[in-house]
Amino acid sequence: MEWLKELNQQQLEAVLSTEGPLLVLAGAGSGKTRVITYRIAYILNMGLAKPGNILAITFTNKAADEMKERIKKLVGIESFSEMWISTFHSACARILRMEAHSIGFSNNFVIFDMQDRHQLLKECFEKLNIDQDRLELRYVSRQISNFKNMLISPSDTHKMGDVDPRIVEIYRLYNKLLKEYNALDFDDLIYHTITLFRTNPDILERYQQKFKYILVDEYQDTNDAQFKLIYLLAQKHRNICVVGDDDQSIYSFRGANVRNILEFENVFSDAKVIKLERNYRSTKTILSVANEVIKNNTSRKEKKLWTENNEGEKIYLYTAFDEIDEANFVSMSIKNLIQSGVKPSEIGILYRTNAQSLNFENALSSHAIPYKVVGSLRFFERKEIKDIIAYLRLVTNPHDNLSLFRIINVPKRGIGPGTVEKIKVLSDEYGISAYSLLKERGAMEFDRRTYLKLNEFIFLLEDIRAEADSKSVVEVIKLVLDKTKYMETLLSSKNEEDFQRVKNLEQLISAAAVFEEENEDKSLQNFLNSITLSFEEDEAQKEDRVLLMTIHAAKGLEFDVVFLTGLEEGLFPLLRAEDINGMKEELEEERRLCYVAITRAKKFLVLTYANNRRVFGRFSSRQRSCFLDEIPANYIQQVYTPLRKINFSDMSFNENQQSVTKDSLAVGDIIQHNRFGIGKVLSLSEDLNEVLIEFENYGQKRLLLSYANLRKIG
DNA sequence: CACGTCTTCCTTTTT
DNA sequence: GGAAGACGTG
């Protein structure tokens, strides 16, 4: 295990301490992912456990995939499907698929996303005759989610003090409907898994036995339910390793509880604690700025990140006239940076809210800079995609009323709101699903003309279902598009938008094709499962483009250059007048968010804010963010024009302790590259600046040694 | 019942 | 400035 030499003292200790509870406090850029992957590789290589005995929880599916790739490289084993590397939600879905009957669901349950949840809540409001002003709906939705994240059932809500009885009523009905539709929402996945374990000790025992080693990444962002789950599972072997950084806890709105990390040592009294405080990512300046900002928070574990990296440049600050000026400054600076040799994909534009992306998109495209927006309008949330998915869901489960009502008149087939309302009322009355009602009682309850239309619809669904059995996912989708005339309707439209929709649907088909290639379980069921739980973008990720995203989405990523934008009071920190009570805590979370943003930067950090900004289309004047005042002036270089070209190669430093330098590399060496993986050195240029490498998976590449950040592995 | 225009409300952040 | 719902007309 040569690769163990790549680790520093603390990292190594974290890898080798395989037995018993372990808390790794890993500061930003301190190599925490490396610790987790190497730890798993070590456990496997030492024969301490089989792949099937390992449960590794990551925060996103993307992170899970990356982790699998890295471990694969270290260990080179094949039995990966046996190793559970996934998010909490995916892991729970996987368990529940097998055990659903034990909690009163059938194993072909569907997973409701946030849109679905809102839709269903709306139904609840209607059924209970509760005035649904929109604000209330969002509030109720959040409440219910909080309850589930704290493992509080409808009948337990009184424990939370004064809860609006209407909310309890809605909560109860909402759960009841979910069950009728055989559906689970995101929070249910965790909640029900815990219920399953609590009510079926034998099942719990089985999983406890199975998971000899449990690892949790981004532990600071776990909520009460997730903690409970881990706690239950780890009881048997107690080999539980959690990795996190309380300073990067940014998901309390989702129920994340920082106390989980702060109190780990109390819950597991024999826990070992290892701190990783050496940062390998950023310049000294950037790290100092991050430290200066975060030290204003009161409730945190004391720690001091340090680095051996260069001092680096001062950070830049630009004050824009308005948000358009801001976007232009950023775009023109990026143009110059790219001309200086910075790769577009090494540049990130970060902002607090998704709504801010638009100006940057406009400015970037007018400067012909390649970019990609991460997140925002997610593919699987588009109308046309959700429509088709609704059909697919009905194929697996005809009693999913929500999906049925979504597409009962899509494309238009003459079934209007009046008829839909009648179906709802009647199916309620008879206590059966809308589908059953139409099938069994349609002829009696509706007049002839309506009945014919309804019958045609039911027939369509059954027709699709009958054929779907013997078909692959791709074929089923095509079948739906064809039989429903969905595609036909779009194609005959002269609307520009509809043309885009056709392209999106084509993408859905290719996404399904990729799914079939990559998954062992190729069932429609599993397809539906995977698309609600992950928003895996298509392969465009590898392309060399500037990335735009929210700070939340940037967690775990790093860039040579980061533009942190919109640093204005009210926007970042984003605080609302309503919650004066939670003010301090909320501000601290915003500050952590700021800390996360700053520590994404490796070499350059550029901060911007605008004196004026159009909010909801209204022009309003702005004040600079309080976070800016927390940065000592000597770190800041105020600029008034876009950044000029720079000598970028001067900026490089060794980010990894084992990075190769000119003298240490020879022809024939085996190296590892962050992006391209493992390769062999074919030749070196005379001045030793350039190197030609044959990569296992990417073929030959000519790289500049000063950027390439190669690690020698043999 | 479909389609077009008018109004309202809006914005956190995501699995 | 834009989406989603309300309202009114063909």
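Just so it is clear: chains get the letters A, B, ... in the order the sequence lines come, proteins before strands, and each one is counted from 1.
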(request) Measure from the side-chain heavy atoms of A:L574 and tell me the nearest of B:dC3, B:dT12, B:dT14. (result)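 Of the options given, the side chain of A:L574 lies nearest B:dT12.
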
Between the protein and nucleotides 7-10 of chain C, are there any N/O to N/O pairs under 3.5 Å, and if so, what are the atom names and distances?
none

(message) Applying the side chain to side chain donor-acceptor pair (under 3.5 Å) criterion to A:N260, which one of A:D246, A:N223, A:T222 satisfies it?
(response)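 It is A:T222, the one option of A:D246, A:N223, A:T222 that forms the side chain to side chain donor-acceptor pair (under 3.5 Å) with A:N260.
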
(request) Could you go through the salt bridge (charged side-chain N to carboxylate O under 4.0 Å, His left out) check for A:D245 and A:K32 one step at a time? (result) CA-CA 10 Å; A:D245 177 5; A:K32 88 189 150 72; over 6 Å; no

(message) Give me the distance, rounded to whole Å, that separates C:dA6 from B:dT11 when you measure between the P atoms they each carry.
(response) 16 Å

Whole-Å gap separating [atom2] ([N]) and [atom1] ([X]):
{"X": "A:D187", "N": "B:dT15", "atom1": "CG", "atom2": "C1'", "value": "9 Å"}
{"X": "A:F572", "N": "B:dT13", "atom1": "CZ", "atom2": "C1'", "value": "11 Å"}
{"X": "A:L189", "N": "B:dT14", "atom1": "CG", "atom2": "P", "value": "19 Å"}
{"X": "A:Q356", "N": "C:dG2", "atom1": "CD", "atom2": "C1'", "value": "16 Å"}
{"X": "A:Y351", "N": "B:dT13", "atom1": "OH", "atom2": "P", "value": "10 Å"}
{"X": "A:N359", "N": "C:dG2", "atom1": "CG", "atom2": "C1'", "value": "14 Å"}
{"X": "A:H552", "N": "B:dT11", "atom1": "NE2", "atom2": "P", "value": "16 Å"}
{"X": "A:E218", "N": "B:dT13", "atom1": "CD", "atom2": "P", "value": "19 Å"}

So does [X] get a side-chain nitrogen or oxygen closer than 4.0 Å to the phosphate oxygens (OP1/OP2) of [N]?
{"X": "A:T419", "N": "B:dC1", "value": "yes"}
{"X": "A:T550", "N": "B:dT14", "value": "yes"}
{"X": "A:K412", "N": "B:dC3", "value": "yes"}
{"X": "A:K122", "N": "C:dG5", "value": "yes"}
{"X": "A:N354", "N": "B:dT11", "value": "no"}
{"X": "A:R138", "N": "B:dT11", "value": "yes"}
{"X": "A:N409", "N": "B:dA2", "value": "yes"}

(message) If only side-chain N and O atoms count, and only distance matters, is there a donor-acceptor pair under 3.5 Å linking A:S145 with A:D187?
(response) yes

Heavy-atom donor-acceptor pair, [X] side chain to [Y] backbone, under 3.5 Å:
{"X": "A:N108", "Y": "A:T396", "answer": "yes"}
{"X": "A:D188", "Y": "A:L184", "answer": "no"}
{"X": "A:N359", "Y": "A:E323", "answer": "no"}

(message) Suppose we screen for side chain to side chain donor-acceptor pair (under 3.5 Å). Which residues come up paired with A:N526, at least two apart in sequence or across chains?
(response) none

(message) With salt bridge (charged side-chain N to carboxylate O under 4.0 Å, His left out) as the test, pick out the partner of A:K555 among A:D217, A:D221, A:D247.
(response) A:D221

(request) On DNA chain B, check which nucleotide each of A:V615 and A:V420 is closest to and give me the residue with the more 5' one. (result)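 Result of the comparison: A:V420.
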
(message) For A:T450 and A:F616, find the nucleotide of DNA chain B closest to each by heavy atoms; which residue's nucleotide sits nearer the 5' end?
(response) A:T450

(message) So which atom in A:D521 and which in A:F515 form the shortest heavy-atom distance, rounded to 0.1 Å?
(response) O-CZ, 3.5 Å

(message) Among residues 248-260 of chain A, which ones have heavy-atom contacts with DNA chain B below 4.0 Å?
(response) A:Y251, A:F253, A:R254

(message) Using a strict threshold of under 4.0 Å (side-chain N to carboxylate O), is an ion pair present between A:E588 and A:R300?
(response)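 No.
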
